[in-house]
Amino acid sequence: MIIKHSLWLIDDDPALRLILEDTFQDAGLEVQAFSNAKGAWAKLNDILNDHKNQARLPDVILTDIRMPMMDGLSFSQWMNKNFPDLPVIIMTAHSDLKSAVDSYDTGAFEYLPKPFDLDHAVTIVKKAIGTNPKASTLKSEEKPVVASNPEADASVTFKKNKATTADSASTKATKANATKPSKPEGVQSSPIIGQSAAMQTVFRAIGRLASSPITVLITGESGTGKELVAGALHQNSPRQKKPFIALNMAAIPHELIESELFGHEKGAFTGATTQRQGRFEQADGGTLFLDEIGDMPFSTQTRLLRVLANGEFFRVGGQKPIKVDVRIIAATHQNLEQLVKEGKFREDLFYRLNVIRLPLPPLRARPDDIPELIEFFMSKAATEMKTDKKQLSPEALHIMQAFNWPGNVRQLENACRWITVMATGEVLGIEDLPPDLTEFAQRYLTDQQRPTVQPLHDTENNPSTLPAVNGNTTPASEPPSSNLQVPSNLSNSSSSPTAVNLPTAASLHNPPIDWQSQLQTWATTALSQGETEILQLATPEFEKVLIKVALEHTKGRKGEAADLLGWGRNTLTRKIKLLDITDNSRSS
Ligand SMILES: Nc1ncnc2c1ncn2[C@@H]1O[C@H](COP(=O)(O)OP(=O)(O)OP(=O)(O)O)[C@@H](O)[C@H]1O
């Protein structure tokens with residue numbers, strides 16, 4: 001007889017419950033679904049009060065965070081206290097750094113930001129089951145299976161358990177998690193912004209790593225937020241009340257690095273007139289962030305390796321070993337493996353630092369995060385400069401999202417400062433952006449007018465060099481949709497002082513004139529009427545049409561519509577709001 005492991009699934013979203021129930025049943029698990037944590041909690045409480053009933057426990061629990069009556073975090077905390085061996089996986093649609101850190105703090109086995117890959121969720125669930133000693137030690141003995149129908153729960157049946165592979169490493173990880181030191185009160189909320197999948201991974205990693213003393217190597221291009229993430233790891237750790245000391249190896253003259261790190265005794269070298277503590281001593285009990293570690297001189301690397309191995313060091317010129325408890329977080333924008341190959345970085349040090357690697361994505365890889373970052377930096381700049389907060393027009397925002405950002409978030413932050421100081425007016429257009437962005441906009445917009453469709457993001461900020469995503473243009477007699485509702489004029493547009501007629505839906509259906517020709521006619525007319533910035537007039541209308549068609553095609557399902565448009569879901573939601581689009585596609 002096949003024995004199945006059991007999963008309790010808690011989520012107040014019935015549609016998601018159905019999908020997940022299906023997925024996990026297909027993966028060979030017995031699933032019992034609950035619409036709230038209270039229901040599962042009541043059953044677990046019964047089991048807790050009746051020890052003979054322990055057999056009715058599931059092997060793993062998957063729970064949402066935000067639910068009525070009892071939230072998933074309190075539930076997970078209660079579980080960790082009362083059933084520490086039973087792994088709980090937390091999922092949430094409202095993922096940020098805080099929810100990731102809080103989830104792991106409750107002792108949760110894993111944290112899954114929605115939407116997640118179903119195969120990945122199955123892998124995690126199976127891994128969690130492998131850590132449950134009660135589930136994984138059952139090989140041939142009888143084991144209860146909880147029926148998938150909650151009502152049928154009384155009729156628990158006993159079946160032979162199928163062989164499972166216990167993951168001892170994961171078991172240890174969970175145990176370590178359960179016994180980890182509790183975090184001090186008063187954790188500051190971190191200003192790390194980002195909703196993109198790439199940033200969710202970063203938040204998860206921070207949540208997972210913050211409480212442990214393990215060495216972390218943060219990699220990523222300059223300006224991606226490496227120091228910010230190192231600070232968040234410290235702020236969310238039990239070391240948060242002790243110092244966080246950041247040191248940039250590239251910024252210190254090589255001959256001073258050792259005394260900077262390890263301090264020196266009086267008279268150790270010319271100019272050392274007093275004894276001085278180094279950064280290691282100052283950071284005792286806390287975290288030392290070694291930025292640009294690839295620039296550390298070879299001789300210092302040897303000394304650092306010794307500290308990492310023994311936890312002690314000598315001040316320059318000193319005889320007495322000094323012991324410290326410091327967590328090391330290192331960062332680099334360089335390829336350390338390459339530096340090792342070139343003999344510029346010690347291989348043994350590399351392996352010591354590279355225990356856990358946390359890569360940060362470049363900004364161009366997560367354009368969906370840009371609007372929120374702009375919002376944040378515009379507010380920050382307005383406060384700094386004691387002025388009103390500036391707002392970007394949809395067109396300017398579009399350009400900001402299309403830009404390559406070689407300097408990443410730092411460059412975006414500086415652009416927001418520039419705009420706040422230099423631009424006049426409250427709602428700003430493309431012409432109000434910093435020079436590098438306006439130059440890019442000219443090339444980008446020129447390219448957009450070509451018949452081929454270009455991807456939004458290019459790697460060189462030079463759209464003209466890009467291959468076409470789709471070389472086909474819409475046939476003259478086939479407009480994109482029979483339901484095109486192109487507004488007949490732009491009189492509603494705040495940026496349009498003059499009403500200019502755009503091609504109407506009817507005219508688009510009038511062969512032999514195709515919509516491009518119609519647009520051409522409109523543009524010619526607009527220009528002859530003295531209109532300027534015609535692209536900024538037409539682009540929102542163009543986007544409106546495509547968004548409406550996509551929403552209609554997907555019956556209002558925004559995620560799918562966003563995929564069809566080639567945007568992220570957040571971008572689509574923002575556009576719908578900005579362009580004031582009413583979604584009439586839903587039948588109900
Ligand atoms: N996700 C983010 N949310 C909010 N601010 C961010 C984010 N990422 C980076 N920043 C801000 O961008 C600036 C640059 O970040 P940071 O100094 O951490 O980058 P870095 O990768 O360490 O850069 P470098 O390699 O040049 O030292 C900082 O002002 C930081 O606060």
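Bear in mind that the values here come from a model prediction, so they are computed numbers and not experimental data. Along the sequence shown, the residues carry numbers beginning at 1. As the structure lists them, so they are numbered: ligands from 1, and atoms in each ligand from 1. When reading the values below, keep in mind they use all heavy atoms of this one structure, side chains included, and skip hydrogens, waters and symmetry mates.
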Salt bridge (Lys or Arg N to Asp or Glu O under 4.0 Å) pairs, two or more places apart, involving residues 222-231: none
Test side-chain hydrogen bond (donor to acceptor under 3.5 Å, both in side chains) applied to D369 and S196, step by step: CA-CA 6 Å; D369 286 343; S196 59; 2.6 Å; yes
Contact list for residues 291-314, test ring-ring contact (aromatic ring centres under 6.0 Å, His included), sequence neighbours left out: F262-F313, F280-F313
Minimum heavy-atom distance A550-L565, with the two atoms named: CB-CG, 3.8 Å
May I have every N or O pair linking ligand 1 to the protein at under 3.5 Å, one per line with atom names and distance?
| residue | atom | partner | partner atom | Å |
| --- | --- | --- | --- | --- |
| ligand 1 | 1 (N) | I193 | N | 3.4 |
| ligand 1 | 1 (N) | I193 | O | 2.9 |
| ligand 1 | 3 (N) | P191 | O | 3.4 |
| ligand 1 | 3 (N) | I193 | N | 2.8 |
| ligand 1 | 17 (O) | R410 | NH2 | 3.1 |
| ligand 1 | 18 (O) | K226 | N | 3.4 |
| ligand 1 | 18 (O) | E227 | N | 3.1 |
| ligand 1 | 18 (O) | L228 | N | 3.0 |
| ligand 1 | 19 (O) | G225 | N | 3.1 |
| ligand 1 | 21 (O) | G223 | N | 3.4 |
| ligand 1 | 21 (O) | T224 | N | 3.3 |
| ligand 1 | 21 (O) | G225 | N | 3.1 |
| ligand 1 | 21 (O) | K226 | N | 2.9 |
| ligand 1 | 21 (O) | K226 | NZ | 2.9 |
| ligand 1 | 22 (O) | K226 | N | 3.4 |
| ligand 1 | 22 (O) | E227 | N | 3.0 |
| ligand 1 | 23 (O) | G223 | N | 2.9 |
| ligand 1 | 23 (O) | R410 | NH2 | 3.1 |
| ligand 1 | 25 (O) | K226 | NZ | 2.7 |
| ligand 1 | 26 (O) | S222 | OG | 2.6 |
| ligand 1 | 26 (O) | R410 | NH1 | 2.9 |
| ligand 1 | 26 (O) | R410 | NH2 | 3.2 |
| ligand 1 | 27 (O) | D291 | OD2 | 3.3 |
| ligand 1 | 29 (O) | E413 | OE1 | 2.7 |

All pairs passing ring-ring contact (aromatic ring centres under 6.0 Å, His included) where residues 210-246 contributes a residue, at least two apart: H234-F244
Atom pair CD/CG of Q401 and L392 - distance to nearest 0.5 Å: 10.5 Å
